[in-house]
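Please read the structure below before turning to the comments.
Chain identifiers are assigned alphabetically (A, B, ...) following the order of the sequence lines, protein sequences preceding nucleic acid strands; residue numbering begins at 1 within each chain.
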Amino acid sequence: MVDLNLSINTDLGREILTGFIRSEITRVGMSRAVIGLSGGIDSALSCALAVEALGAENVLAVRMPYKASSQDSLDHAQLLIDQLGSQSKTIEITDMVEPLFKLDSNISRMRMGNIMARERMIILYDQSEVFKGLVIGTSNKTEILLGYSTMYGDSASAMNPIGDLYKTQVRQLSRAMDIPSPVIDKAPSADLWKGQTDEDELGFMYKDVDKLLYLLIDQRYSPQEAIDEGFGEEFVNAVTTRIRRNQFKRMMPPIAKISNRTIGYDFLYLRDWGT
Amino acid sequence: MKINLTLAQINTKLGDVEANLAKHMDYIQQAKSEKADLVVFPELSLTGYVLQDLVASVAHKPTEDDPIFKHLLKASRDLDLVVGFVDEDSRHRFFIASTYLSGGKVIHVHHKVYLPTYGLFDEGRFFAWGDSVRAFDTRFGRVGMLICEDFWHASPPYLLWLDGADIMLFSSASPGRGLNDKDKLESAHWVERVIKGYASMFTSFVAHANRVGYEDGLHFWGGAALFDPNGEEVASGPYNQEALTFAQMDLNQIRRTRARLPLLRDERTALVRNELDRILSRG
């Protein structure tokens, strides 16, 4: 199999990503950030980068447990808050989401998970106004490509510093930034229901899918070339299908064009316009 | 002759020409206090890089009555300047341009001849393609200017060399990409390697000024550099932060190098032309 090295220069990555956070927040006249801290590695890394970029006093880490959330998640988030010295707040979502769950006795786990993810988004954007900080995203490249997220839920943010890092690179940078080892070493989970893990749900391991994604996306291998390099045909097909079917989650909703100048097609400006 | 060169790797405000002019004037003043003879700013230093639909609104003409250029032309009475801007011609075509200002006059304007329109780049959608590569005379000798993608192709530096340029001034707004386990981004590594190569092969001074800062998710890596006619690095700027890099060009080095290594003398331009004629007439 082709030699796949996804490791990054963490010093350089750290410098670029903290610079990004600082630039994108200060250029709009702000100085603070809000992050939902799940106890997992992605939000831990985003939070650590934000603290390094803006200073601990300018970062609000928000824990938003549901009654079924694991105690580990809460504890791990607190471990990080204590280590980073950021500001923090805990807002339990149980009383907000339960009335919605009760409207339909047949509600599925998937729907409940989506509702919880979107409730957390509402809280973060509300705290954004209270704290006068922008919401920092916590989605990594692997989950964005695979569409493993809730649209307008955990994927919602004002900017995302880690969205071009694969999960294994998130782990590498997290180790370099001294994220507590229990956070790095535990099985990744959205913790939307008991015992849920990403890798069970996805059906493959991050260390394997990251290598495949790196070939398909970064190195522009065709699916057949990836199979020729030793990846299982079924695995390659499942991943390429996931990437294609989840394109909608990576885009703004398309606007039907009828005028001569339409937002998204021929009205084109960066967000940083004028700053 | 020894020239005090200053490479100004600046951040810019996207689409705010007046704010960017003010920054130019600040840095020019700093360079002047360090006795600089020539200051080189990056690609599109007056406008920012990912302009998209801002192109028409940030365009300027390098003339004395232009509200932006009148200040730069005045400053060029004290030291020579290279600045990046959007040039609008009389028929309203917009070019990515660099201009060399000296003694209160526009000495040369270069329009970018290679507009990358692939991958993350979309220049060909918004800009007209330049159609000439010319060296020009300055008070320091004959100079050539190229903009970013221009020198990703080998032919523009080669043409400048044959047209008499002994000093090549390159400017870029190069987005950083290709983070791996090495100590430099792939994009920085690539650019530095080719610039060093041109200085070596053309036994000329090659200077590069690159943007810093961010535009949305893009970041520009800086890393200004000057290479001498031996291909040795004379000076380099930091990565990822605004800085002025001061470097001295000892023009006598051109003579010393070419006495040892007469690549220019031996360059067989007639052979190149014959073979180009043959290749281009084929088929």
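Within a 6.0 Å radius of CZ in A:R250, other residues, nucleotides and ligands contribute more than 12 heavy atoms. For CD of B:E18, the number of neighbouring non-hydrogen atoms (other residues, nucleotides, ligands) closer than 6.0 Å is 12 at most. The neighbour count for A:Q219 CD, taken as heavy atoms of other residues, nucleotides or ligands under 6.0 Å away, is above 12. More than 12 heavy-atom neighbours from other residues, nucleotides or ligands sit within 6.0 angstrom of CD1 on A:I217.
Within the 4.5 angstrom heavy-atom criterion, atoms from both the backbone and the side chain of B:L185 approach chain A. Contact annotation for A:T275: only backbone heavy atoms (N, CA, C, O) come within less than 4.5 Å of a heavy atom of chain B. With a 4.5 Å cut-off on non-hydrogen atoms, A:E15 touches chain B through its backbone and its side chain both. In this structure, the portions of B:D183 lying under 4.5 Å from any heavy atom of chain A include both its backbone and its side chain.
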Apply side chain to side chain contact (heavy atoms under 4.5 Å, CB included) to residues B:L179 and A:L12 and explain how you reach the verdict.
CA-CA 8 Å; B:L179 177 68; A:L12 188 48; 3.9 Å; yes

Side chain to side chain contact (heavy atoms under 4.5 Å, CB included) for B:D181 and A:N9? Distances and angles first, verdict last.
CA-CA 4 Å; B:D181 57 356; A:N9 180 321; 5.6 Å; no

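Between A:R261 and B:D53, at least one side-chain N (NZ, or NE/NH1/NH2) sits under 4.0 Å from a carboxylate O, which counts as a salt bridge.
In terms of heavy-atom proximity, B:Y214 sits nearest to A:R27 at O-NH1, 2.8 Å.
Chosen from B:Q52, B:K184, B:K182, B:Q241, the residue pairing most often with chain A at heavy-atom distances under 4.5 Å is B:Q52. Here A:L270 is the residue among A:D218, A:L270, A:I8 with the most heavy-atom pairs under 4.5 Å with chain B. Highest contact tally toward chain A, considering only B:V50, B:L51, B:D16, is held by B:V50 [criterion: heavy-atom pairs under 4.5 Å].
Here the straight-line distance linking atom CZ of A:R271 with atom CD of B:E215 works out to 13.5 Å at 0.5 Å rounding. Interatomic distance, CG of B:D216 versus CE of A:M159, reported as 10.5 Å (0.5 Å rounding).
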Under 3.5 Å, which donor-acceptor pairs link side chains of residues 122-131 of chain B to any protein atom two or more places apart or in another chain?
| residue | atom | partner | partner atom | Å |
| --- | --- | --- | --- | --- |
| B:E123 | OE1 | B:K112 | NZ | 2.9 |
| B:E123 | OE2 | B:Y49 | OH | 2.4 |
| B:E123 | OE2 | B:K112 | NZ | 3.1 |
| B:R125 | NH2 | A:Y265 | O | 3.3 |

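No hydrogens or angles considered: nothing links the side chains of A:N5 and B:N180 as a donor-acceptor pair under 3.5 Å.
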